[in-house]
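Everything on this sheet refers to the single structure shown next.
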Amino acid sequence: MIKDITLGQYFPMHSFVHKMDPRMKLLFVTSFIVMVFLSNNFISLGFCLLVTAFVIAISKIPLKTVLKGLRPIILIIAITSILQIAYNEGGIVLVDIWRIKITSGGVLTAVFMALRISLLIVMSTMLTYTTSPTSLTNGLDRIFAPFKKIGLDFHTITMIMTIALRFIPTLIEEVDKIMSAQKSRGANFEQGNIIKRAKALIPLFIPLLFNSIRRAYELANAMTCRCYNGGQGKTTMNALKFSYRDYIALGSVAGVIASVILLNIYCGEYNAEFTFGITV
Amino acid sequence: MAIIKFENVTFRYESDEEGVALAPAVKDFSLSIEKGEFVAILGHNGSGKSTLAKLANGLLLPEKGRVLVDGMDTVNEEDDIKIKQTVGVVFQNPDNQIVATIVEEDVAFGPENLGIEPTEIRRRVDSALKTVGMYEYRKHGPHKLSGGQKQRVAIAGIIAMEPRCIILDEPTAMLDPIGRRDVMNAIKRLNRDLGITVVFITHYMEEAVEADRIVVMDDSRLLMDGTPKEVFADATKIRSIGLDVPQTCQLSELLRADGIKLKNDLLSIDELVENIDALLKGK
Ligand SMILES: Nc1ncnc2c1ncn2[C@@H]1O[C@H](COP(=O)(O)OP(=O)(O)OP(=O)(O)O)[C@@H](O)[C@H]1O
Ligand SMILES: [Mg+2]
């Protein structure tokens, strides 16, 4: 179960997207997210969907893997959709039985919202799927380097991120190990009511916490032995350099922004009416 | 000049409770490790071996006495980075030493911290990974490697800083026999081919006999210091502090007890066979 978590997972492959500079990928993803939020009609959002499909296609990551990344938020999407369908009253009434009233406005808004959330998540997971955590944090490090002058040290934050990502698989393995150990002594994690199950988790988390503290202590020692001093004067083996790919990506960023704005303006009104009052 | 020199070092951990002083983990300890040596450190649990390793590169600072690394006193803040670059330490649990999510990026961590040029880092990372035989795995995630492979990556991470001395604190303790053999071979290569001074803390006697010199610790103090032959010749003393002697020593001891005149310092199987052979022919 816990092994399904794909958060922060990286799929090393040779593709246009993998070889892009992490800074450009960050720029691309953030502007894409903003544009998805700004899209106010189905045509703009459909365009964003096309962009996403294109990125997935050239990244060579299997569609199945990408969709797997959506699994953890299916519940959120479902709840949002149900709320929209239940409370949105615009448009034609489709169903009206007893107290349930479903309108076309509700359904369309639900679809719109679901699509919007999915696009956000898919594009963000594409970032981690195609960028190694170290390269991602290198990118963040470089982007935030100027802030050091005003006393904001982002290096610590990016270092914490790298270590967190590095230890996710280790901790998952450890949870599995402790669970098996407790199960072999008769612990039961699968039965009983919620309180009972929560109680069963206590003997799981205490050793996990204890071990993590010991790990942190040992890791700190190991990092000190390797001359880590908070990132001062640090160089990087894979120095970041923009290539032709990144200039193409920069062009695409401009293209996406312009397209969404234009589609919003020219298709906005017609669609807003058509989709029964969907605005930003 | 010795690469690491302990001069009457005493060290005591801080107690969790206030006012309660713990017994020293290292007591009045003096030892000098020369360049190019391969030293094994033996001692039962809690005898102070790990503490010694941490004192040797300034992770811990002595309460009394001093530790000199290539002439630099470890209490001097200014020399801190230089000391840690000169003496690298590899610990027991490889999982807790690997920082990055890709093998080669982890090996690059030390040189990156030292501010070395990217092209030079690349060269060092490649050569370090080749030395430990992990070059083919350079693009892998560390969590997919076996314990022995992870430990070799951790060793590569240290040698990429090009230290002159490496201290390994029970690097094979969590490994299976194959992992242990691979790590041991990598360590021997460091000493023989690269001329790096190796200080090797272990519980395995078969590994200790590979060293040029064995230091035995007991109860926070230095108990014995000599070649493997000298140290294991006194099997009674070794046993009295709860350690084993290598199997060849045990066998020859038993045979001696039966009146067979074998030498008492036979460490390898070949030596033992030769000795028995000579005795049989002599008769
Ligand atoms: N962080 C610590 N705080 C307090 N006491 C400690 C700490 N680490 C070690 N000690 C104590 O110091 C003594 C020496 O410990 P050390 O870890 O150096 O032994 P060791 O020879 O490495 O043992 P082992 O073979 O088990 O690794 C022990 O009595 C131990 O309990
Ligand atoms: Mg120890």
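Just so it is clear: chains get the letters A, B, ... in the order the sequence lines come, proteins before strands, and each one is counted from 1. Not measured: the values here are computed from a predicted model.
For B:Pro163, no part lies under 4.5 angstrom from a heavy atom of chain A. Heavy atoms closer than 4.5 Å to chain A are found nowhere in B:Asp80, neither backbone nor side chain. Interface residue A:Thr224: backbone and side-chain heavy atoms are both found under 4.5 Å from chain B. For B:Ile98, the parts lying under 4.5 angstrom from a heavy atom of chain A are both the backbone and the side chain. Residue B:Lys144: no heavy atom, backbone or side chain, is found under 4.5 Å from chain A. Using a 4.5 Å cut-off between heavy atoms, B:Phe91 touches chain A through its side chain atoms alone. For a residue to count as touching a neighbouring chain, one of its non-hydrogen atoms must lie under 4.5 Å from one of that chain's; by this rule B:Ile81 touches chain A with backbone and side chain alike. Contact annotation for B:Glu104: both backbone and side-chain heavy atoms come within less than 4.5 Å of a heavy atom of chain A. Proximity to chain A is absent for every atom of B:Val87, based on heavy atoms less than 4.5 angstrom apart.
The line from CG of B:Asn57 to SG of A:Cys225 is 4.5 Å long, rounded to the nearest 0.5 Å. Rounding to the nearest 0.5 Å places OG of A:Ser212 at 9.5 Å from CG of B:Asn96. Note that SG of A:Cys227 is 9.0 Å distant from CD1 of B:Ile116, once rounded to the nearest 0.5 Å.
A heavy-atom distance below 4.5 Å is not found between the side chains of B:Gln97 and A:Glu218. Proximity of A:Glu174 to B:Asp95: side-chain heavy atoms (C-beta onward) are nowhere separated by under 4.5 Å.
Looking at every heavy atom in both residues, B:Glu112 comes nearest to A:Lys234 through OE1-NZ, 3.1 Å. When all heavy atoms of A:Arg226 and B:Met161 are compared, the closest pair comes out as CA-SD, 3.7 Å.
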